[in-house]
Amino acid sequence: MSLIDREQGTVAVPPVPPARRRSPGPTVADVVRAVTAGPLPVRITGYDGSAVGPADAGITLAICSERGLSYLLTAPGDLGMARAYVSGDLALAGVHPGDPYEALRVLKDELRLRPPSLAEGLALVRGLGWERLRPPPPPPQEAVARWRRVVSGLRHSRSRDSCAVSHHYDVSNAFYEQVLGTSMTYTCALFRAPDDTLERAQAAKYDLVAGKLALRPGMRLLDVGCGWGGMVRHAAREYGVRAVGVTLSRAQADWARAAIAREGLGSLAEVRHLDYRDAPVGPFDAISSIGLTEHIGVRNYPGYFGALRRRLRPGGRLLNHCITRADNRAPHRSGVFIDRYVFPDGELAGPGRLIGEIHDAGLEVRHEENLRGHYALTLAAWCRNLVAHWDTCVAEVGAGTARVWGLYMAGSRLAFERNGIQLHQVLATRNGPGGTDDYPLRPDWTP
């Protein structure tokens, strides 16, 4: 039977045959009680028929199989929960799998975990059976552990970066069309009002980037990490700019080329399947980097910003748009769920580190702003699209991958709202000899 209730859009909890109960020995409810403290904010049910938590809770978490319990026991924390959820061995009722935001909020705010005592832990393991501590194979959506990725090359080598980008972006163009909408833009939008449509907000983001770069007809723009060519096409269509984009995803490049041809922009716009390190040398009047910095590695910042500087003409402008940590003390590497299921090898720095590296590369920062709240609104819109097109998305990529995206986007929305992560746009110039530049005394764009 399907775990998806198509009428309600929630995960239905399958009935548990009484014969499957483990007796004697601890129940799933016993395990939950051993690792939590205080009242539970949700109902938790087990494959053995046990349950704990308020019967009238708005959200129910169902551990549907022994494999699901083994996932939770052998990889405590986010990774075990993700494995069980993605595989379908952990089900949520009360929220749609395309947008489990409310469940994540409740669990983060109200669930109190505690480590069991040594005696409790040994008693549980003996009662459940030591086989419960043998990790089941992870779901196919999971990337291998960091230490095993060395077979693809050293961290942030060209070959390994190509594998990481493919893991995330080559899921399915048809899937992305359903989630991202007609703009086919997978970066933070700019909302003039909370009720703006996603398409209007994405166009506003591109206009803001174009304004900061002072794009004019006939100028040359390089867009690194161009995705499906949204900025390239917007700059060519709306500003008469000769734009070239580069992306490590072949699927993105193919889609972007088809869109350029479909829109009749071939004389101005071009997208190439290239590493940013192999981008055309220019010189360019302007460079945009919208959502690439997260993938290059913090230790590669000097080489990255140096490569962009060399491609700018003196007086040219660079706009770097990327997710950051909220401060400069946070670890650069992402958490285990994001690393295994979303962005392998992704790294984030604090805004101070980012600005410092741009300066140290020989560029001058002219303007910076944080669009954190805008990314929360963007993610909420993407989740609404996933909910609205859930059946189509599941048919395209499978239920497990669709669950990954719902979980990842809802969790990221919560992180942006709580100031766990931020989104910064940094505008910089390459000055000429003696510090000469043509930057105006005051910004020449509309904030």
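Numbering of residues begins at 1 and proceeds along the displayed sequence.
- A 4.5 Å side-chain heavy-atom check between V209 and Q425 finds at least one atom pair inside the cut-off.
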Exercise for the section: Determine, stepwise, if the pair W255 / V271 fulfils side-chain contact (heavy atoms from CB on, under 4.5 Å). Expected result: CA-CA 10 Å; W255 192 98; V271 168; over 6 Å; no

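- If you look at Y408 and Y341, their ring centroids are not closer than 6.0 Å.
- For the pair E396 (side chain) and F175 (backbone), a donor-acceptor distance under 3.5 Å is absent.
- Within the 4.5 Å cutoff, no side-chain heavy atoms of E177 are placed close to those of H389.
- Checked against salt bridge (charged side-chain N to carboxylate O under 4.0 Å, His left out), R220 has no partners two or more places apart in sequence or in another chain.
- V232 is not listed as a side-chain neighbour of E270, based on a closest heavy-atom distance of 4.5 Å or more.
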Q) Can V365 and L363 be said to form a side-chain contact (heavy atoms from CB on, under 4.5 Å), step by step? A) CA-CA 7 Å; V365 171; L363 298 159; over 6 Å; no

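- Residues A279 and L274 come closest through the heavy atom pair CA-CD1, 4.4 Å.
- H424 contributes no side-chain N or O that, together with a main-chain N or O of L371, makes up a donor-acceptor pair within less than 3.5 Å.
- Counting only distance, with no hydrogens or angles, the side chain of R233 and the backbone of L265 share no donor-acceptor pair below 3.5 Å.
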Quick one: do Y71 and L90 satisfy side-chain contact (heavy atoms from CB on, under 4.5 Å)? Show the steps, please.
CA-CA 10 Å; Y71 277 138; L90 176 68; over 6 Å; no

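- Side chains of D207 and H234: a donor-acceptor N/O pair is present below 3.5 angstrom, by distance only.
- A 4.5 Å side-chain heavy-atom check between F305 and L354 finds at least one atom pair inside the cut-off.
- With values rounded to the nearest 0.5 angstrom, T187 atom OG1 is found 5.0 Å from H321 atom NE2.
- More than 12 heavy atoms of other residues, nucleotides or ligands shown are found within 6.0 angstrom of CZ on R262.
- Here the side chain of D254 pairs no donor or acceptor atom with the backbone of R257 at under 3.5 angstrom.
- When ring centroids are compared, Y186 and W405 come within the 6.0 Å threshold.
- Taking all atoms of both residues into account, the shortest heavy-atom contact from T45 to V28 is O-CG1, 4.5 Å.
- S334 places none of its side-chain heavy atoms less than 4.5 Å from the side chain of D345.
- The backbone N or O of P280 sits less than 3.5 Å from a side-chain atom of R311, completing a donor-acceptor pair.
- What you find for M184 and N173 is that their closest heavy atoms are CE-O, 3.5 Å.
- Remark: R242 CZ is loosely packed, at most 12 non-hydrogen atoms of other residues, nucleotides or ligands lying under 6.0 Å away.
- Between S183 and Y206, the side chains place no donor N or O within less than 3.5 Å of an acceptor N or O (distance only, hydrogens not considered).
- Between the side chain of R325 and the main chain of P331, a donor-acceptor pair closer than 3.5 Å is present.
- Under 3.5 Å, the side chains of Y101 and E417 contain a donor-acceptor pair of N or O atoms.
- Donor-acceptor pairing under 3.5 Å is lacking for the side chains of Q202 and T185.
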Full working for salt bridge (Lys or Arg N to Asp or Glu O under 4.0 Å) between D78 and R340 = CA-CA 11 Å; D78 290 348; R340 296 285 187 93; over 6 Å; no

**Message:** Using salt bridge (Lys or Arg N to Asp or Glu O under 4.0 Å), reason through R192 and D196 one step at a time and then give a plain yes or no.
**Reply:** CA-CA 7 Å; R192 300 295 183 186; D196 277 354; over 6 Å; no

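- For the residue pair S65/D89, the side-chain donor-acceptor check at 3.5 Å is satisfied.
- Of all the heavy atoms in V397 and S172, the pair that sits closest is CG1-CB, 3.8 Å.
- Between the side chain of R403 and the backbone N or O of Y85, at least one donor-acceptor pair lies under 3.5 Å.
- Rounding to the nearest 0.5 Å gives a distance of 11.5 Å between CG of L268 and CG of L221.
- Under the 4.5 Å side-chain criterion, counting only non-hydrogen atoms from C-beta, L61 is in contact with L92.
- Atom CG of N320 and atom OG1 of T293 lie 3.5 Å apart (nearest 0.5 Å).
- Pairing each heavy atom of I358 with each of A428, the nearest pair is CG2-CB, 3.8 Å.
- In this structure, CD in Q422 is found 14.0 Å from OH in Y375, a value given to the nearest 0.5 Å.
- Taking both residues in full, the closest heavy atoms of P194 and L377 are given as CA-CD1, 4.3 Å, listed atom of the first, atom of the second, then distance.
- Under the 3.5 Å distance criterion, with hydrogens and angles disregarded, no donor-acceptor pair is assigned to the side chains of T392 and Q178.
- When side chains are defined from C-beta on, L427 counts as touching W445, because their heavy atoms get closer than 4.5 Å.
- Taking 4.5 Å as the limit, every side-chain heavy atom of L423 sits out of range of all side-chain heavy atoms of H374.
- With hydrogens and angles disregarded, a donor-acceptor distance shorter than 3.5 Å links the side chain of K205 to the backbone of C188.
- Formation of a donor-acceptor pair under 3.5 Å by the E347 side chain with backbone atoms of V298 is found in this model.
- Side-chain atoms of H367 and E369 include no donor-acceptor pair closer than 3.5 Å.
- At least one donor-acceptor pair closer than 3.5 Å links the side chain of R43 to the backbone N or O of G53.
- Remark: R114 CZ is packed, more than 12 non-hydrogen atoms of other residues, nucleotides or ligands lying under 6.0 Å away.
- For the atom pair R112 CZ and T36 OG1, the distance stands at 9.5 Å (nearest 0.5 Å).
- Between the NE2 atom in H96 and the SG atom in C383 there is a gap of 10.5 Å [rounded to 0.5 Å].
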Set out, in order, the CA-CA distance, both residues' side-chain angles and the distance that settles side-chain contact (heavy atoms from CB on, under 4.5 Å) for R105 and R418, then state yes or no. CA-CA 10 Å; R105 186 197 64 77; R418 302 291 176 86; 3.5 Å; yes

